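Since this is a predicted model, take the numbers as computed values, not measurements.
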Amino acid sequence: MHLNMSENNCPFEERHRDRLPPILNHNLDRGPKLPFPSYGSFISTLNHKRESGSHSLSSPFLLPAVKQVRELPPICPDVRQKHRISIDVLPPEVKARFVSEPIIPIRTKTAKEFQDDVERATISGDWKQVHDFYLTTFDSFLELNGAFKKEANAPFNTIEDSGINIKFVNIVYDALLHTNPQYTSPATYVIYAHLLRQIAALAEADHHFLMHWFKKLPQKRFKQLVERLQLFITTRLFPAKPEELPPMAKCSWWIPSATKVLSLLNAANSISSPPIIPFTDFYNLTLDHIDFMEDYHTWQAHGNSNRFTFCQFPFILSTVVKKAIIQRDSEQQMISMARQTLVDKVSRRQRVDMSLLFLNIKVRRLQLVSDSLDELSRKRADLKKKLKVTFVGEAGLDMGGLTKEWFLLLIRQIFHTDYGMFTYVKESQCHWFSSWKCDNYSEFRLVGALMGLAVYNSITLDIRFPPCVYKKLLTPPIVPCDLDTPVGMATLNLDDLQQIMPDLAHGLGELLSYEGNVEEDFYTTFQVFQEELGVVKSYNLKPGGDKIPVTNLNRKEYVQLYIDFLLNKSIYRQFAAFYHGFHSVCASNALMLLRPEEVEILVCGSPNLDMGSLQRVVQYEGYSKTDPTIRAFWDVVLAFPLELQKKLLHFTTGSDRVPVGGMADLNFKISKIDVSTDWLPVSHTCFNQICLPPYKSKKELRQKLTIAISNAEGFGLE
């Protein structure tokens, strides 16, 4: 991919700077010296001004805080990031049509009679009457809901702004959940499938109502529905007794119907804040064992058409599957390019060099960043090939260790605060892009390419980016053909800012919840300031912003423009280079399957540690699992608090996170080192290896290991 940042192609050039929504910002200068601003830091200034009788602030940097604030986290609903809902009959929430007064048909069956039918069917196992009721009585969920509204003896509890009859939908819920409690009878299994088909075929507005009802369910009941649908899909795919189910050819609609209903639950979960259950609960791990590449290729060929694929509903596919799809898709592109290269060589009767099949990087340790940048720039066409690294002047073949060492050393150098590309925020313990301007942003492209190479080569990077970086990387998930199209301009809100600059986010929250007169007490306008390499520049958040006061009526707009400038526009050129670097390696339609959280897991690994699993897959060299030193090691490690377990993993592997494939993918090794027990343990992070002297007691091992992992730098890390 070619990133053209010329004056004509970059939409946020200096010549357009006066159009950008600016922001008060001391904090995004080059280097780590200045703290991020907070409204709380201006309390004393405001009080001092009030005491002195002054109603003007001498410094344009000062934004006063408030005396009385609500501690509720402010959220602006109209800018909240929505998760993509991949279902062809379900529109985005903002486009769905509410029908507040459904037409109520004349029906004879009451809610009580319908509930009696359900109870009798549960006892007898004969669901024909209930099935026929769903199939023929009403054409719409809205009609069904409206009919039962008039049959109540007491007022129904309705969902706010939707008009849904809670009593009726609870009956529907019971039918969904209890139609087939044990999945032992093929007859009830068939009825359950027909019920799902009816729900999946409802109109868009009906789906919208159902989605908001699901959103109101208690967590336990919500999770029960998800688990029931997942079990239905799993059992249909891999039945324990195939003879008890109809042939797959006669019920090919079962799995699509269940998946579409599951997507309604996923949509309800996505628009809930916080989510009702973790998004990982929607993964169906059975799908790890299907031919998911065939499913992916079908999706590529037919898209979201009437031909069902699981890729239409990516929430159901685990991160393991998505990573495999991305890697295999990239491998196929690489093989195609390598084949073409070989054909060209042969046709010209040139000698074929097998090194053409690899991305060969040669670097000098003392010029690590510049050499890496030059190599990746010259070999852009080879980025999808298998990576092999050589350090100039050093013997040895790259069997994986040199590649990992290259990643570790490069990441440490680039993210060091003295290097100036990224600022480390202590409050949130993450890195953010420095906003200084320069003529060449190729180093940011290098960082993006490194992240892409790490995904492709299954390397876990120790990078501490906030979650919104991964939202921006997927905005859009596919690089636009038009280079003038902005990239990385995600819709972000106060929650995203909270994860980077909590003090500043808290101050903006105080501004939003302030009950006094914002204009008189805060004395601020839609103009903000940013220090860039020692020069303070002012920007208007909107045209004429320096003359527009922030008031109670427009403060939401002010906060959103503030966040948009800080997290999008002020770092646009840096992030655009970073974005194009990442996508130059990971360019694949498979990225459309990913959530931002999943991109983070692919790059940095999972934060969920399971040392018991690690113990089961560890390799030993010089020790056996029954050796006293090894038994003492695991007794100590399993008793460690989580923080020390993370430090141990970081000490040994260079990262405190677990690869997508789990602990088994770490290739963790414990080796014996024949030295005095006065020595501390050492590690070889390039090989995920820890070397233990033969300590005599558990107490001694715990003491030496704790010292080593708590002071990792300088204890033999390689």
Colleague: Take Phe214 and Asn269 through the test side-chain contact (heavy atoms from CB on, under 4.5 Å) and record every step on the way to the result.
Modeller: CA-CA 8 Å; Phe214 288 146; Asn269 194 60; over 6 Å; no
Colleague: Can a donor-acceptor pair be found, under 3.5 Å and without considering hydrogens, that links the side chain of Asn688 to the backbone of Leu666?
Modeller: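 A pair under 3.5 Å: yes.
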Colleague: Are the side chains of Leu376 and Leu453 in touch, meaning some heavy atoms are under 4.5 Å apart?
Modeller: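 Yes. Closest side-chain heavy atoms under 4.5 Å.
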Colleague: Tell me, do Asp665 and Val660 make a side-chain contact under 4.5 Å, heavy atoms counted?
Modeller: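 No. Closest side-chain heavy atoms not under 4.5 Å.
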Colleague: Between the side chains of Ser263 and Gln312, is a donor N or O closer than 3.5 angstrom to an acceptor N or O?
Modeller: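 On atom types as modelled, these side chains do not qualify, holding no pair under 3.5 Å.
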Colleague: What are the two closest heavy atoms between Leu287 and Ile316, and how far apart are they?
Modeller: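 Here Leu287 and Ile316 meet closest at CD1-CG2, 3.7 Å.
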Colleague: Please find the pair of heavy atoms, one from Leu317 and one from Lys322, that lie closest to each other, and give the distance.
Modeller: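 Closest pair (atom of Leu317, atom of Lys322, distance): O-CE, 3.1 Å.
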Colleague: What is the minimum heavy-atom distance between Lys404 and Thr653, and which atoms define it?
Modeller: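 Scanning both residues, the minimum pair turns out to be NZ-O, 2.7 Å.
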Colleague: Can you see which heavy atom on His583 is nearest to which on Leu473, and at what distance?
Modeller: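 Between these two residues, the closest heavy atoms are NE2-O, 2.9 Å.
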Colleague: Check for a donor-acceptor pair, side chain of Lys669 on one end and backbone N or O of Glu621 on the other, with a separation under 3.5 Å.
Modeller: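 Answer holds: no.
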Colleague: Please identify which of these residues, Trp254, Phe308, Phe232, meets the side chain to side chain contact (heavy atoms under 4.5 Å, CB included) condition with Thr259.
Modeller: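 That would be Phe308.
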Colleague: How many angstroms lie between atom CG of Leu265 and atom CD1 of Ile276, to the nearest 0.5 angstrom?
Modeller: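 One finds 8.5 Å between CG of Leu265 and CD1 of Ile276.
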Colleague: Please find the pair of heavy atoms, one from Phe313 and one from Lys260, that lie closest to each other, and give the distance.
Modeller: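 So the two residues come closest at CZ-CG, 3.7 Å.
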Colleague: So with a 6.0 Å cut-off around NZ of Lys362, is the heavy-atom count from everything else above 12?
Modeller: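 No, because the 6.0 Å sphere around NZ of Lys362 holds 12 heavy atoms or fewer from other groups.
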Colleague: For the atom pair OG1 (Thr286) and CZ (Arg236), what is the distance rounded to the nearest 0.5 Å?
Modeller: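 Answer for the OG1-CZ pair, Thr286 versus Arg236, is 13.5 Å.
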Colleague: Would you confirm whether Asp496, through its side chain, and Cys468, through its main-chain N or O, come within 3.5 Å as a donor-acceptor pair?
Modeller: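 Here the side-chain-to-backbone pair does not exist.
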Colleague: Are the side chains of Ile463 and His431 in touch, meaning some heavy atoms are under 4.5 Å apart?
Modeller: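 A side-chain contact under 4.5 Å is absent here.
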Colleague: Please list, chain by chain and in numerical order, all residues satisfying ring pair (Phe, Tyr, Trp, His ring centres under 6.0 Å) with Phe575, sequence neighbours excluded.
Modeller: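 Partners of Phe575 under the ring pair (Phe, Tyr, Trp, His ring centres under 6.0 Å) test: Phe433, Phe578.
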Colleague: With the side chain counted from C-beta on, respond yes when Asn589 and Gln300 share a heavy-atom pair under 4.5 Å apart, and no when they do not.
Modeller: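 Answer yes - side chains close enough.
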Colleague: What's the separation between atom CG in Leu402 and atom OG1 in Thr390, rounded to the nearest 0.5 Å?
Modeller: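 Going from the CG atom of Leu402 to the OG1 atom of Thr390 covers 7.0 Å.
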Colleague: Is there a side-chain contact between Leu450 and Phe407, using heavy atoms and a 4.5 Å cut-off?
Modeller: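 With C-beta onward as the side chain, the pair touches.
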Colleague: Side-chain donor-acceptor pair under 3.5 Å between Thr475 and Tyr579, yes or no?
Modeller: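 Absent: no donor and acceptor within the cut-off.
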Colleague: Run the side-chain contact (heavy atoms from CB on, under 4.5 Å) test on Leu383 and Tyr456 for me, step by step, so that the C-alpha distance in whole Å, both residues' side-chain angles and the decisive distance to 0.1 Å come before the verdict.
Modeller: CA-CA 10 Å; Leu383 292 180; Tyr456 180 56; over 6 Å; no
Colleague: Nearest 0.5 Å please: distance from the CD1 atom of Ile255 over to the CG atom of Leu196.
Modeller: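 It comes to 11.5 Å.
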Colleague: Please test His650 against Lys646 for side-chain contact (heavy atoms from CB on, under 4.5 Å), starting from the C-alpha separation and ending with a verdict.
Modeller: CA-CA 6 Å; His650 192 279; Lys646 287 184 175 182; over 6 Å; no
Colleague: Determine the minimum heavy-atom distance between Met211 and Leu264, stating which atoms define it.
Modeller: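 The answer is CG-O, 3.8 Å.
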Colleague: Looking at residues at least two apart in the chain, or sitting in another chain, which of them share a ring pair (Phe, Tyr, Trp, His ring centres under 6.0 Å) with Trp253?
Modeller: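 In terms of ring pair (Phe, Tyr, Trp, His ring centres under 6.0 Å), with neighbours along the sequence ignored, Trp253 is linked to His194.
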Colleague: Give a yes or no on whether the backbone of Pro466 and the side-chain of Glu600 come within a donor-acceptor separation of less than 3.5 Å.
Modeller: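 Side chain of Glu600 to backbone of Pro466: no pair is present.
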Colleague: Counting distance only, does the side-chain N/O of Asp329 pair as donor-acceptor with the main-chain N or O of Ile325 below 3.5 Å?
Modeller: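 Side chain of Asp329 to backbone of Ile325: no pair is present.
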Colleague: Do Ser458 and Lys323 have side chains that approach each other closer than 4.5 Å (heavy atoms only, starting at C-beta)?
Modeller: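 They are in contact (side-chain heavy atoms under 4.5 Å apart), so the answer is yes.
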Colleague: Sub-3.5 Å donor-acceptor pair from the side chain of Asp295 to the main-chain atoms of Phe310, do we have one?
Modeller: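 Flag set: sc Asp295 to bb Phe310 pair under 3.5 Å.
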Colleague: Yes or no on side-chain contact (heavy atoms from CB on, under 4.5 Å) for Leu262 and Asn284, after CA distance, side-chain angles and deciding distance?
Modeller: CA-CA 11 Å; Leu262 190 62; Asn284 190 317; over 6 Å; no
Colleague: Which value, rounded to the nearest 0.5 Å, describes the distance between Thr491 atom OG1 and Lys472 atom NZ?
Modeller: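 Thr491 OG1 to Lys472 NZ: 10.5 Å, rounded to 0.5 Å.
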Colleague: Aromatic rings Tyr296 and Trp299: how do their planes relate, parallel, tilted or perpendicular, breaks at 30° and 60°?
Modeller: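 Judged by the thresholds at 30° and 60°, the geometry between Tyr296 and Trp299 is tilted.
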Colleague: How long is the straight-line distance from CG of Leu229 back to CD of Glu227, given to the nearest 0.5 Å?
Modeller: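 That separation rounds to 10.5 Å.
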Colleague: Any side-chain heavy-atom pair from Leu594 and Pro477 closer than 4.5 angstrom?
Modeller: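 No; the side chains remain at least 4.5 Å from each other.
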Colleague: Report yes if some heavy atom in the side chain of Leu474 is under 4.5 Å from a heavy atom in the side chain of Tyr470; otherwise report no.
Modeller: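 Not touching, per the 4.5 Å side-chain cut-off.
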